[in-house]
Number of protein chains: 2
Amino acid sequence: MTAPRTRGPRERMVFAAAQLIRRDGVGATGMRDVAARAEAPRGSLQHYFPGGKEQLVNEAVTWAGHYAGKRVARYLAALPEPTPGALFAAMTRQWIDEFEAAGFGTGCPVAAATVDSTASTPSAREATATAFAAWAAPLTEALTTLDVPPARAPALATLMISTLEGAILLARAQESTAPLVTVAAELAPLLDSAATR
Amino acid sequence: MTAPRTRGPRERMVFAAAQLIRRDGVGATGMRDVAARAEAPRGSLQHYFPGGKEQLVNEAVTWAGHYAGKRVARYLAALPEPTPGALFAAMTRQWIDEFEAAGFGTGCPVAAATVDSTASTPSAREATATAFAAWAAPLTEALTTLDVPPARAPALATLMISTLEGAILLARAQESTAPLVTVAAELAPLLDSAATR
DNA sequence: TCAGTATTATGACGGATGTCATAGATCGCA
DNA sequence: TGCGATCTATGACATCCGTCATAATACTGA
């Protein structure tokens with residue numbers, strides 16, 4: 001939950017930026033706040049991120065995308081009954097648990113960056129695109145492992161990510177995990193029926 | 001696309017706020033920008049919205065929710081083959097057309113408000129919740145009209161809104177309508193199979 | 001020890017923002 | 001015509017932000 005005190009101040013600042021972005025959005029996240037949250041000196045900001053806020057935000061978004069991608073493999077390995085629907089349920093479960101434990105104050109940093117700064121800086125948009133790609137790729141691979149035809153897997157990965165992101169939005173808006181529970185239940189049959197076994 | 005010059009300056013400002021919010025996010029939308037966009041005098045802001053930016057944003061979000069809700073009935077009436085899947089296709093089609101016509105610079109204002117100011121002001125969160133509710137209610141009703149069992153309709157409405165919102169995010173991130181096309185195609189069989197006829 | 005680099009500290013600047021105070025204009029209605 | 005309420009105009013204020021300039025400090029290797 002909190003930033004690991006190990007690792008250099010640079011990584012801590014990227015992590016802290018992601019945390020603040022997913023809670024307050026890009027615009028409301030200040031550089032000074034990031035440094036404070038990371039327990040890093042303010043002067044280090046211009047040293048490690050000469051590209052300014054834009055660079056810091058982009059790195060945070062990219063980091064979040066890779067983080068989400070890595071979790072897919074962990075979910076897959078931990079599934080008692082490995083099916084696409086169960087994988088999606090695990091992904092939603094993660095958010096349900098987090099919302100129940102920490103409240104609905106925080107969402108997905110990639111979504112925040114997409115909504116907040118897609119129109120402004122082109123590099124930010126690219127960062128969100130690569131972040132989603134870094135999430136979708138392992139997910140697609142996982143689906144093929146679960147006997148989803150390779151031709152179908154990318155589409156289902158897009159469907160899963162879209163639905164999950166939207167359900168996160170709804171959950172935060174109405175401060176309820178119900179949307180996550182609902183979409184997990186409704187999508188499971190469709191996802192499982194795509195597995196050719 | 002542009003604000004109708006009829007209607008009072010108050011409505012024009014709410015409309016302009018929604019437009020700017022869905023493009024730049026809540027934080028990056030300035031009161032002065034809203035007045036300029038609405039071709040309304042700056043002094044009218046404090047007259048019509050004594051609650052300040054918070055009130056203006058909340059009204060814009062609420063307005064957007066009702067607007068989305070009203071469109072559902074129009075989609076339903078215009079369907080050549082009235083099925084749940086076709087209704088969802090019409091909803092995605094609307095966004096595809098808009099992205100192709102105006103580019104990927106603008107998204108959903110309710111999503112922007114959810115991501116941007118859920119954590120900060122409680123009233124903003126309530127506004128997003130009511131906005132989504134004002135969208136989901138007509139959608140649920142439309143689904144029952146399409147022979148979806150009343151017990152199932154709310155869940156499918158949640159699924160449709162979630163998936164659409166997420167697909168909008170992905171589309172903006174990768175500047176492609178592909179996610180919208182994909183989710184429409186993938187979800188259609190599931191939605192249609194829920195209609196008991 | 002010393003030089004050179006890496007890191008940190010701190011203050012200032014220009015710009016933008018939301019809000020307020022105050023005055024002016026406009027319009028309906030008697 | 002004149003009054004009162006509704007609307008508009010405009011400037012100022014305090015605040016915060018990202019960025020930069022500049023200097024001090026810490027660390028590394030010879």
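Convention: sequence-line order gives letters A, B, ...; per-chain numbering from 1.
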Map B/Q46 and A/G30 onto DNA chain D by nearest heavy atom, then report which one ends up closer to the 5' terminus. B/Q46
Taking C-beta and beyond as the side chain, do B/R10 and B/E59 meet within less than 4.5 Å on heavy atoms? yes
A/R12 has an atom CZ; how far is it from atom P of C/dT7, in whole Å? 13 Å
Of A/Y48 and A/R32, the one whose closest DNA chain C nucleotide lies more 5': A/Y48
Please figure out whether B/G52 or A/R42 has its closest DNA chain C nucleotide nearer the 5' end. A/R42
A/E98/A/R22 salt bridge by N-O under 4.0 Å criterion: yes
Among C/dT8, C/dT10, D/dC7, the one nearest any side-chain atom of B/H47 is D/dC7
Quickly work out the B/K53 NZ to C/dA16 C1' distance and round it to whole Å. 11 Å
Which of C/dA9, D/dT19, C/dA21 is nearest the side chain of A/P41? It is C/dA9
Between A/S44 and C/dT8, is there a side-chain N or O to OP1/OP2 distance below 4.0 Å? yes
Would you say that A/L191 contacts A/T83 through its side chain, given a criterion of any heavy-atom pair below 4.5 Å between the two side chains? no
For atom CZ of A/F49 and atom C1' of C/dT8, their distance in whole Å: 15 Å
State, with a plain yes or no, whether a side-chain heavy atom of A/L190 is found less than 4.5 Å away from one of A/F88. no
Nearest of D/dT19, C/dG18, D/dA9 to any side-chain atom of A/M31? D/dT19
Calculate the interatomic distance between A/L45 atom CG and C/dA9 atom P; express it in whole Å. 12 Å
How close or far is atom C1' of D/dC17 from atom CG of A/L20, stated in whole angstroms? 15 Å
Taken to the nearest whole Å, CG/A/D33 to C1'/D/dC17 is 10 Å
